[in-house]
Asker: 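Pasting a structure here, questions to come.
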Amino acid sequence: MALKYHAPRGTSDLVFPESEKVERLVEIACEACALYGYRRVSTPVLESTGLFRRSIGEETDIVTKEMYTFEDSGGESLTLRPEGTAPVVRAYLEAGLRSEGLPQKLYYAGPMFRRERPQAGRFRQFSQVGAEAIGSEDPLLDVEMISLSVAIFDDLGLQRYTLLLNTVGCRACRPAYLEDLTTFLGDVSGRLCDRCRERAKKNPLRVFDCKEERCRETLKNAPVILDAVCSGCGRHFEEVISGLERLGVPFSVDKHLVRGLDYYTRTTFEFKFRDIGAQDTVSAGGRYDYLVEELGGPDTPAVGFSMGVERLVMAMDAQGLDPFGRRRLDVFIAGAPGVDRGRLLELLSRVRSEGVSADTDYMDRGLKAQLKQANRLDARLVVLLGPDEMERGEAVFRDLEESRQWEVPLTEVPARALDFLGGR
RNA sequence: GUGGACGUAGCUCAGUUGGUUAGAGCGCCGGGUUGUGGCCCCGGAGGUCGGGGGUUCAAAUCCCCUCGUUCACCCCA
């Protein structure tokens, strides 16, 4: 308890069996991405600080107070990545992927870092699996992102999620809308809470998230972006909607859905789950048609989403899902007193060569304790060897579940073990 | 950054209005079978009661500070 070192606040160790459950879950998500034609991309966890300041937005909470930024000994400002999209776009540009043909469909998985106060579903180091499709403005690609998210939920057996959908316009229509909204907020300023007045300056759209009754009442007459969007954005949104309907993906339009990163344009979406705490968004994404250009590339539209792995796990737990099965050891090799350990070692190696997981005692335990260990490891088969058997050229196979045991010739142990394991 | 709750054994927790060597269940180790697990029985190891200071004859218990965990706000995956 009074240990000298702990995992840093907001980070945690993942130990068995959770470690392997999470690994499997990420694997399932990645397989779905591949099924949808996305290719893996891996970027460093460190990037130049400027990349994030530029892409996420100077005024956002992430950039102003949540980044792990430091200067390395060479004087360069580096930041532990707080999200995955900007690095992927940077990698796309750096590798010249445009020449590989468009759209470039990429997915990634890995840790992200944000220095926030931890709570249920929020950590300083967390993992995301995400996908990006760069180079097309086809609304069906927006639909694909959403249905990829749905596919991952389905593959994991997750149910009862809510999909919220909105559009935040483009540079043709958003500025005018923001101006209208700002004007409106200025007019009703006296009726808003302190927080909303602050938001009105920094990120006007956020006022719609306010839970204060008075603010909600006041904002009922506020202009809504969905109504103010230009014809291009309006048409795009309609096509996303009809695509979702075509696929039978239920959703609801949330006119006030706002994303926290500045680069989003047009479509934005969020998947929410119940019973996982206040941080209930498990997957979110949208279009970012200007980001590639913003980072120095040519005018290139793009869409993407990312999913919080820890929140996914919480949703699985909340729904009582554990599709990973129990992790069992195939064979435990136990040695009776006086046995030649060199022979055990040899046997262990031969069994493992057959692709059968195997372990043995390294604690100099008595036979009884070894059996106990085998039971603890949930071993499917115990191979027992003692001086007597050795002399006869035999080994004892013990089936822990059936409490039966029989002898097999020593030379046939690997093959017979395979038979036993395969025949169950 | 703000607010609430909580820190007793590896884990989950008891611990009466402050009162002797701080407990339980689970887990761990050993025994009950000269070489056989799971159930049962017996025994054992394991604790600076988060840390520091104070009050008191006496503090796990009361007070202050501190560190940590957790939930919520903010914000987000």
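Every chain is numbered from 1 and lettered A, B, ... according to where its sequence line falls, protein lines coming before strand lines. All values below were derived from every heavy atom in this structure, side-chain atoms included, with hydrogens, water molecules and symmetry-related copies excluded.
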Asker: How far does the C1' atom of B:U2 sit from the matching atom of B:A14, given to the nearest Å?
Answerer: 34 Å

Asker: Please check if any side-chain donor atom of A:N166 sits under 3.5 Å from a side-chain acceptor atom of A:T268, or the reverse.
Answerer: no

Asker: Could you say whether A:L261 or A:S403 is positioned toward the 5' end of RNA chain B, judged by the nucleotide with the nearest heavy atom to each?
Answerer: A:S403

Asker: Need one value for A:R404: base, sugar-phosphate or nothing, where a base atom within 4.0 Å counts as base even if backbone is also close, heavy atoms only.
Answerer: nothing

Asker: Please report, rounded to the nearest Å, how far the C1' atom of B:C39 is from the CG atom of A:L371.
Answerer: 15 Å

Asker: In terms of the nearest nucleotide of RNA chain B, which residue is placed more toward the 5' end: A:L384 or A:R376?
Answerer: A:R376

Asker: For A:L257 and B:C76, what is the distance between atoms CG and P respectively, to the nearest whole Å?
Answerer: 11 Å

Asker: Rounded to whole angstrom units, what separation is found between the CZ atom of A:R117 and the P atom of B:U69?
Answerer: 10 Å

Asker: Regarding A:G277, tell me which of base, sugar-phosphate or nothing describes its non-hydrogen contacts under 4.0 Å with the strands shown.
Answerer: sugar-phosphate

Asker: With rounding to the closest Å, how many angstrom separate the C1' atoms on B:U61 and B:G50?
Answerer: 16 Å

Asker: Does A:Q119 have a side-chain nitrogen or oxygen under 4.0 Å from the phosphate oxygens OP1 or OP2 of B:C73?
Answerer: yes

Asker: Using only heavy-atom distances, decide whether a donor-acceptor pair under 3.5 angstrom links the side-chain of A:Q370 to the base of B:U36.
Answerer: no

Asker: Using a 4.0 Å heavy-atom cut-off across all strands, classify A:A374 as base, sugar-phosphate, or nothing.
Answerer: nothing

Asker: Rounded to the Å, how far apart are A:R195 CZ and B:G1 P?
Answerer: 16 Å

Asker: Remember a base hit wins even if backbone is also touched, and classify A:S127 as base, sugar-phosphate or nothing at under 4.0 Å, heavy atoms.
Answerer: nothing

Asker: What nucleic acid atoms does A:E389 come within less than 4.0 Å of, heavy atoms only: base, sugar-phosphate, or nothing?
Answerer: base

Asker: Does a donor on one side chain sit under 3.5 Å from an acceptor on the other, for A:E132 and A:Y288?
Answerer: yes

Asker: Are more than 12 heavy atoms, taken from residues, nucleotides or ligands other than A:E389, located less than 6.0 Å from that residue's CD atom?
Answerer: yes

Asker: Tell me if the side-chain of A:N375 makes a donor-acceptor pair with the base of B:G37, cut-off 3.5 Å, by modelled atom types.
Answerer: yes

Asker: Please give me the minimum heavy-atom distance between A:P301 and A:R287, naming the atom from each residue.
Answerer: CB-NH1, 3.8 Å

Asker: Rounded to whole Å, how long is the line connecting atom CD of A:E402 with atom C1' of B:G37?
Answerer: 14 Å

Asker: Indicate whether any N or O donor in one side chain lies under 3.5 Å from an N or O acceptor in the other, for A:T167 and A:T267.
Answerer: no

Asker: Determine the interatomic distance between P on B:G51 and the same-named atom on B:U33; round to the nearest Å.
Answerer: 44 Å

Asker: Within the 3.5 Å criterion, strictly below it, is a donor on A:T360 or A:R341 matched to an acceptor on the partner's side chain?
Answerer: no

Asker: Side-chain donor or acceptor of A:R398 under 3.5 Å from a matching atom on the base of B:G37?
Answerer: yes

Asker: Which is true for A:R259 with a 4.0 Å heavy-atom rule: it touches a base, it touches only sugar-phosphate, or it touches nothing?
Answerer: sugar-phosphate

Asker: Categorize A:E66 for me: base, sugar-phosphate, or nothing, with a 4.0 angstrom heavy-atom threshold over every strand shown.
Answerer: sugar-phosphate

Asker: Please confirm whether A:F153 and A:Y161 have ring centers closer than 6.0 angstrom.
Answerer: yes

Asker: Using the C1' atom in both, what is the distance from B:G43 to B:G35, to the nearest Å?
Answerer: 23 Å

Asker: Any donor-acceptor pair under 3.5 Å joining the side chain of A:R311 to the base of B:C76?
Answerer: yes

Asker: Whole angstrom is fine here: how far is it from CD1 in A:I276 over to P in B:A72?
Answerer: 10 Å

Asker: Look at the side chain of A:R9 and the base of B:U69, then say whether one donor and one acceptor between them are separated by less than 3.5 Å.
Answerer: no

Asker: When the P atoms of B:G30 and B:C67 are compared, how many Å lie between them, rounded to an integer?
Answerer: 43 Å

Asker: Across the strands shown, which category fits A:K368 at heavy-atom distances under 4.0 angstrom: base, sugar-phosphate, nothing?
Answerer: base

